[in-house]
Amino acid sequence: AEDGIRDYKVTGVQTCALPISLGLAVLIIVLAAASAVNQLRVSANQSQIAETSLASLARVAHELNACEWQAMARKKLDASLSQRVADLRRELTSLFAQLNSSSAKRSEALSEFGESFAAYRDAVDREFELLALGELKEAEEFDEAKVDPAFDKMKDRLADAAKDRKSTRLNSSHLVI
């Protein structure tokens, strides 16, 4: 051998294993890097879907709140507004379900949003019942005491879910090979 060290059992021509080992190491590094890039791409796509869903939830929640305000201003819930409220509720429920199914783990903030949405929905239902019964003063008092705070809480929980999602996205973007 060139270095002057020879194993007494080895005979014949010796070849260096370094090119094979180096090539294998480069291949492993390239595959690991490709896998990491793919994981980041998938994570980015999931984050984009989640953030779009959260933005859509916020839009629909505000539209639902606007319908509630319209009903209070008109002092009744007419058929067209009632249909719009029903459509918005279905859309909100669908978006929430989609967001839950696309998340690998359901965040506490998202769970709290679901609970606050249910509380807001129930408060609006009661307010609409009061309007239907012609109890306008009670409906206005209930709106200030229950409906508006329920909407504010729902809006805050949605903002918390968006912050939680952003934090999760930033934490998962660290590359580990």
Side-chain angles (χ1 to χ4, degrees), residues 36 38-176:
N38 187 52
Q39 288 173 343
L40 286 173
R41 184 186 54 77
V42 168
S43 178
N45 287 343
Q46 288 173 339
S47 289
Q48 183 178 12
I49 290 168
E51 289 171 19
T52 300
S53 294
L54 285 167
S56 295
L57 275 173
R59 176 191 54 80
V60 173
H62 281 89
E63 283 186 53
L64 186 58
N65 189 49
C67 288
E68 179 260 321
W69 278 77
Q70 285 178 347
M72 288 301 293
R74 294 176 186 172
K75 302 193 184 317
K76 68 177 184 172
L77 180 65
D78 60 31
S80 65
L81 194 53
S82 180
Q83 182 60 50
R84 182 68 183 139
V85 166
D87 291 345
L88 289 169
R89 284 182 175 181
R90 275 192 297 279
E91 186 177 358
L92 197 67
T93 301
S94 174
L95 285 167
F96 184 64
Q98 177 186 5
L99 190 59
N100 275 327
S101 68
S102 71
S103 297
K105 65 176 186 119
R106 185 171 176 180
S107 73
E108 184 177 327
L110 196 56
S111 295
E112 289 175 1
F113 166 76
E115 293 167 9
S116 65
F117 167 63
Y120 173 70
R121 181 194 60 222
D122 294 345
V124 169
D125 285 347
R126 178 66 183 139
E127 180 182 49
F128 288 165
E129 288 172 11
L130 292 169
L131 284 176
L133 294 171
E135 298 175 8
L136 302 179
K137 183 164 176 52
E138 292 85 351
E140 288 173 357
E141 290 171 357
F142 190 79
D143 179 59
E144 286 187 33
K146 300 290 183 180
V147 177
D148 290 345
F151 177 77
D152 291 339
K153 184 176 181 178
M154 180 182 67
K155 183 177 64 169
D156 291 345
R157 295 301 74 81
L158 187 57
D160 291 345
K163 285 179 196 171
D164 185 56
R165 182 65 203 155
K166 186 174 184 179
S167 173
T168 300
R169 178 176 48 95
L170 291 175
N171 288 336
S172 68
S173 68
H174 300 308
L175 182 62
V176 179

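FYI, side chains are in, hydrogens and waters are out, and symmetry mates aren't considered; it's all heavy atoms of this structure.
By the salt bridge (charged side-chain N to carboxylate O under 4.0 Å, His left out) test, Arg90 is found to be paired with Asp87, residues two or more places apart in sequence or in another chain being considered. Here Phe117 pairs with nothing under the ring pair (Phe, Tyr, Trp, His ring centres under 6.0 Å) rule; sequence neighbours left out. Judged as a salt bridge (charged side-chain N to carboxylate O under 4.0 Å, His left out), and not counting sequence neighbours, the contacts of Glu91 are Arg59. For Ala109, the side-chain contact (heavy atoms from CB on, under 4.5 Å) criterion is met by Ser107, Asp160, Ala161, Asp164, not counting sequence neighbours. Among residues two or more places apart in sequence or in another chain, the salt bridge (charged side-chain N to carboxylate O under 4.0 Å, His left out) test is passed with Lys76 by none. Checked against side-chain contact (heavy atoms from CB on, under 4.5 Å), Glu129 has the following partners two or more places apart in sequence or in another chain: Arg126. With sequence neighbours excluded, the residues forming a side-chain contact (heavy atoms from CB on, under 4.5 Å) with Glu141 are Lys137, listed by chain and number. Evaluation of the salt bridge (charged side-chain N to carboxylate O under 4.0 Å, His left out) rule for Arg121 yields no partner, not counting sequence neighbours. Judged as a side-chain contact (heavy atoms from CB on, under 4.5 Å), and not counting sequence neighbours, the contacts of Leu81 are Cys67, Gln70, Ala71, Arg74, Leu77, Asp78.
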Atom pairs and distances, side-chain donor-acceptor, residues 144-154, under 3.5 Å, sequence neighbours left out:
none

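A salt bridge links Glu63 with Arg84: at least one charged nitrogen is closer than 4.0 Å to a carboxylate oxygen.
Looking at Thr93, Asn100, Leu92 one by one, the single match for side chain to side chain contact (heavy atoms under 4.5 Å, CB included) with Phe96 turns out to be Asn100.
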